[in-house]
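Structure first, then comments.
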Amino acid sequence: MNDPQTIIGRLAPSPTGAQHLGNARTYLIAWLMARSHQGTLFLRMEDIDSPRVKPWAAQQAIDDLKWLGLDWDGEVLVQTERFCLYHQALEELKKQELVYPCTCTRSEVLQAASAPHEDGREPVYPGTCSHRQAADANNIQGKPFCWRFRLPPREPDFHDGFHGFIPGRYREQSGDFVIWRMGDTAGQSVPAYQLAVVVDDAAQGINQVVRGDDLIPSTPRQLLLYKSLGLAAPGYFHVPLIVGEDGRRLAKRHGDTRISTLREQGVSAEKILGLLAWSCGWLPTMEPITAGELLSFFDLKTIPRRPFVLGKEHFQSIGYTC
Ligand code: GLU
Ligand code: ZN
């Protein structure tokens with residue numbers, strides 16, 4: 001008989017702002033997925049997004065998780081302490097000529113992009129600098145540049161543990177993506193999310209990634225990086241987000257859904273977990289419950305595929321007027 005593989009998952013907050021109810025729902029699912037199988041769960045602070053990172057947000061994310069009763073194993077891994085590893089990966093990709101230096105500014109990419117883009121989506125890179133080789137970086141003088149990964153004609157399909165088959169996209173719908181960002185005025189250049197997340201998931205032995213389904217378009221790119229770096233990819237579970245009544249992702253206009261605010265307002269963690277558990281179909285009503293108690297109710301299959309629409313009645317149910 002085969003022993004099922006021990007699950008190694010992770011919680012990966014970005015300290016670019018406060019964690020809100022939507023983040024909490026994803027973390028709760030990730031925690032239950034690991035803990036209901038006696039798996040390991042790591043906490044990784046994804047703090048490389050330097051201009052957007054807030055100095056208070058990492059500690060607050062830790063406080064939020066602890067308060068919700070979501071624990072993790074071992075030390076917190078901090079991405080800004082791991083640049084050396086990301087550099088090694090970049091060098092490996094350069095050696096294979098899979099990346100090239102790109103000097104295009106954001107406005108140049110926007111101007112050249114062929115289609116209008118939904119909010120929050122990055123523009124499609126038209127390939128302006130793709131004729132370059134990695135070594136051409138030595139001849140670029142006085143201009144900042146980023147490193148882009150050369151996409152093959154088709155991005156890989158993958159099987160999502162929650163949504164099922166996700167087809168890879170063709171080049172027209174995507175574009176060569178940034179794996180190392182352009183230096184800022186101080187010349188500080190940092191790895192991009194796509195590279196750092198792959199290097200770290202692999203280094204930590206993560207075999208189960210649970211994250212919001214807004215990241216589905218990133219997964220084929222990450223799979224390409226795994227393959228190029230000779231690393232084993234994890235299984236993916238992309239879970240639906242919480243949206244406001246207008247159908248858009250949670251934002252300030254939907255009311256203050258920050259976990260820290262709810263905590264300060266005296267809402268209990270159990271009430272929040274009860275609301276989230278009900279939204280996932282694990283409880284028939286929004287009764288207060290602890291994370292530990294939820295272990296016996298958790299079922300991935302009852303989670304609706306559509307985003308959960310958070311309305312005023314839900315705030316009321318947890319005794320909070322925003
Ligand atoms: N740090 C990312 C976020 O908070 C999650 C990245 C991931 O799970 O791959 O949106
Ligand atoms: Zn370019």
Side-chain angles (χ1 to χ4, degrees), residues 9-20 22-27 29-31 33-34 41-49 52-54 57-58 60-61 64-65 76-80 99-113 120 122-133 136-137 140 143-151 160 162 175-182 191-202 204 206 208-223 225-226 233-239 241-242 249-250 259:
R10 51 30 166 219
L11 307 169
S14 292
T16 49
Q19 306 296 312
H20 54 64
N23 304 117
R25 192 175 189 247
T26 306
Y27 300 144
I29 298 170
W31 185 87
M33 295 268 293
L41 193 66
F42 292 123
L43 176 59
R44 184 168 74 225
M45 210 44 78
E46 302 213 317
D47 61 343
I48 49 169
D49 198 354
R52 293 177 58 225
V53 164
K54 308 282 186 300
Q60 191 183 72
D64 290 347
L65 289 167
V76 181
L77 188 135
V78 179
Q79 286 193 322
T80 44
V99 292
Y100 60 86
C102 162
T103 46
C104 301
T105 62
R106 195 174 159 74
S107 64
E108 281 166 350
V109 174
L110 273 174
Q111 267 168 23
E122 61 191 303
V124 175
Y125 180 67
T128 319
C129 303
S130 65
H131 60 278
R132 289 205 181 114
Q133 300 225 302
D136 292 339
I140 298 173
K143 260 193 170 184
F145 58 86
C146 67
W147 287 95
R148 286 188 187 269
F149 186 89
R150 220 182 277 283
L151 272 190
D160 186 272
F162 184 77
D176 293 351
F177 62 92
V178 176
I179 59 142
W180 202 278
R181 292 166 50 190
M182 209 170 258
Y193 157 71
Q194 307 289 4
L195 183 67
V197 78
V198 164
V199 168
D200 284 338
D201 279 340
Q204 293 189 285
I206 305 295
Q208 176 178 274
V209 168
V210 179
R211 61 187 179 193
D213 60 10
D214 55 329
L215 284 169
I216 285 179
S218 285
T219 304
R221 300 168 172 205
Q222 292 171 16
L223 291 172
L225 291 176
Y226 277 105
Y236 289 96
F237 295 78
H238 290 91
V239 295
L241 302 181
I242 297 186
R249 55 194 301 171
L250 274 194
I259 304 300

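What you see is a predicted model; the values in this text were computed from it and never measured. Remember, it's 1-based here, ligands and their atoms both numbered in the order they're listed.
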**OP:** With heavy atoms under 4.0 Å as the rule, classify the contact between Val209 and ligand 1 as side chain, backbone, both or neither.
**Re:**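 Looking at Val209 and ligand 1, no heavy atom falls under 4.0 Å.
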
Original post:
For ligand 1, which part of Arg10 has a heavy atom less than 4.0 Å away: the side chain, the backbone, both, or neither?
Top reply: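 Contact part for Arg10 vs ligand 1: side chain (C-beta onward).
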
Subject >> Residue Thr103, metal the Zn ion (ligand 2), N/O/S under 2.8 Å >> reply: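 Thr103 does not place any N, O or S atom closer than 2.8 Å to the Zn ion (ligand 2).
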
Subject >> Phe177 ring center within less than 6.0 Å of Phe149 ring center >> reply: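 That pair passes the under 6.0 Å test.
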
Ligand 1 atoms in contact with [X] (distance to a heavy atom under 4.0 Å):
{"X": "Glu46", "answer": "1 (N), 2 (C), 5 (C), 6 (C)"}
{"X": "Ser14", "answer": "1 (N), 2 (C), 3 (C), 4 (O)"}
{"X": "Tyr193", "answer": "6 (C), 7 (C), 9 (O)"}
{"X": "Val197", "answer": "9 (O)"}
{"X": "Ala12", "answer": "1 (N), 2 (C), 3 (C), 4 (O), 5 (C)"}

Without swapping roles, check the side chain of [X] against the backbone of [Y] for a donor-acceptor pair under 3.5 Å.
{"X": "Asp160", "Y": "His238", "answer": "yes"}
{"X": "Asp201", "Y": "Ile206", "answer": "no"}
{"X": "Arg44", "Y": "Gln79", "answer": "no"}
{"X": "Arg52", "Y": "Thr16", "answer": "no"}

Original post:
Judged by modelled atom types alone, do Tyr27 and Asp64 share a side-chain donor-acceptor pair under 3.5 Å?
Top reply: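 The answer is no; no qualifying pair exists.
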
Original post:
Going by distance alone, is a donor N or O of one side chain under 3.5 Å from an acceptor N or O of the other, for Arg211 and Thr219?
Top reply: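 Distance-only check passes for Arg211 and Thr219.
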
Original post:
Which angle, to the nearest 10 degrees, do you find at the Zn ion (ligand 2) between SG in Cys129 and SG in Cys102?
Top reply: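 My answer is 120°, to the nearest 10°.
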
